[in-house]
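Reviewing the structure listed below.
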Amino acid sequence: MGRPGRRWLLSCITGFAFAFLWLTDPTTSPNNLQVLRKFAFQVSWTTKEILYRLDVGWPNRPEYFTGTTFCVAVDSLSGLVYVAQRGDNIPKVLVFTEDGYFLRSWNYTVDTPHGIFAASTLHEQSVWITDVGSGSYGHTIKKYNSFGDLVQVLGTPGKKGTGLTPLQFDNPAELYVDDTGDIYIVDGDGGLNNRLIKLSQDFMILWLHGERGTGPAKFNIPHSVTVDSAGRVWVADRGNKRIQVFDKDTGEWLGAWNNCFTEEGPSSVRFTPDGKYVIVAQLNLSRVLLVAAPPVGSIGNCSVINTIQLADQVLPHLLDVSGKTGAIYVAEIGANLF
Ligand SMILES: *[C@@H]1O[C@H](CO)[C@@H](O)[C@H](O)[C@H]1NC(C)=O
Ligand SMILES: *[C@@H]1O[C@H](CO)[C@@H](O)[C@H](O)[C@H]1NC(C)=O
Ligand SMILES: *[C@@H]1O[C@H](CO)[C@@H](O)[C@H](O)[C@H]1NC(C)=O
């Protein structure tokens, strides 16, 4: 009940000047256990400013969040939201509708989820998880169907490493799968590997950058990756406090943004559906930045358009944006400390 009403209400509200915009997060109180938040997309009618409003009713029943939520993926083609959480004796992957209804969960073969990505075509719904566990499914990237059946495992399960044949990972952080099925992996979060790898859909390495360092195309904890519609790959190079950008076909380095992240490196990077903004999470600062995306051509400097300041200690880790509605879903690893 209520969900169709909410959607109607939202689309009405966006047609008017919206008087009570919350750019801070008003609902975190000592007994609030919700650890995944949805921010609905709004455009101010008067100023044309892009603003976000916390959707306090999402999900319908937050008590499904029994662990620590590390990541979230939106499959807007199917209207599904996948959330992965860590903890003992709990379901690790929760599946909701974009309207906030819980559908199902699984924990089979999921050890310690870090990043998640939903890749959907008209023929296939799938969800990919990077696993940083040390158990028998750790240090892998796994593909599941929408019901949690394991379809593919990349990496050497249970064993971290630097190898390329066979492929090994060390705490792979995140991945992105584009429309053609090509896969972009950031590996990782463990310190051993600092790599951006592009794989074809049959898992051949197409190009890679694999050196630790501060220079162009070198990394220090590459933590999140996304691809824009202009064919550029964007990497949150967290330890170097910058975002680096590459050509998706050649892997050529196109530029970097440093100036927005002097206080803390970015932990998550995603685009809004219109490609105009990059949404970036900063973990310890508990904030989400809305950054103007450069059109094709020079990357230039970055410029923050808006900031969503979350409550202290919320720690936004990874986020995703609905390609349909522009809503931002944020996985908060700190919110359940309360
Ligand atoms: C898997 O999830 C169920 C609840 O859905 C829980 O009872 C069980 O302990 C979990 N198993 C593991 C290994 O975490
Ligand atoms: C956040 O703070 C913790 C504790 O001080 C620190 O270990 C971690 O490296 C910080 N993370 C980032 C992304 O700055
Ligand atoms: C970026 O900022 C730096 C330092 O403020 C400045 O020197 C440089 O010209 C700027 N670059 C662009 C492309 O605007």
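In this text the structure is predicted, and so the values were computed from the model without any measurement. Just so you know, ligand 1 is whichever comes first in the structure, and atom 1 is the first atom listed for that ligand. All residue numbers refer to positions in the sequence shown, counting from 1.
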Exercise: do Thr130 and Glu174 side chains pair donor with acceptor under 3.5 Å: no
Close-range residues for ligand 2, whose non-hydrogen atoms fall below the 4.0 Å threshold: Arg238, Glu264, Asn284
Pairs flagged by side-chain hydrogen bond (donor to acceptor under 3.5 Å, both in side chains) wherever residues 153-173 is involved - sequence neighbours left out: His139-Asn171
Contacting atoms of ligand 1, where contact means under 4.0 angstrom from a heavy atom of Pro91: 2 (O), 4 (C), 5 (O)
Part of Asn107 within contact of ligand 1 (heavy atoms, under 4.0 Å): side chain
Residues that Tyr184 engages under ring-ring contact (aromatic ring centres under 6.0 Å, His included), provided they are two or more places apart: none
Under-4.0 Å heavy-atom contact with ligand 1, by part of Ile90 that carries it: backbone
Distance-only donor-acceptor check, side chains Thr180 and Gln201, under 3.5 Å: no
Tell me which donor-acceptor pairs under 3.5 Å the side chains of residues 202-209 have, and how far apart each pair is, sequence neighbours excluded?
from   : atom 1 : to     : atom 2 : distance (Å)
Asp202 : OD1    : Ser200 : OG     : 2.5
Trp207 : NE1    : Lys248 : O      : 3.0
His209 : NE2    : Gly251 : O      : 2.6

Single-linkage hydrophobic cluster Leu318~Trp128, side-chain heavy atoms < 4.5 angstrom: no
Short side-chain donor-acceptor distance under 3.5 Å, Arg104 and Ser146: yes
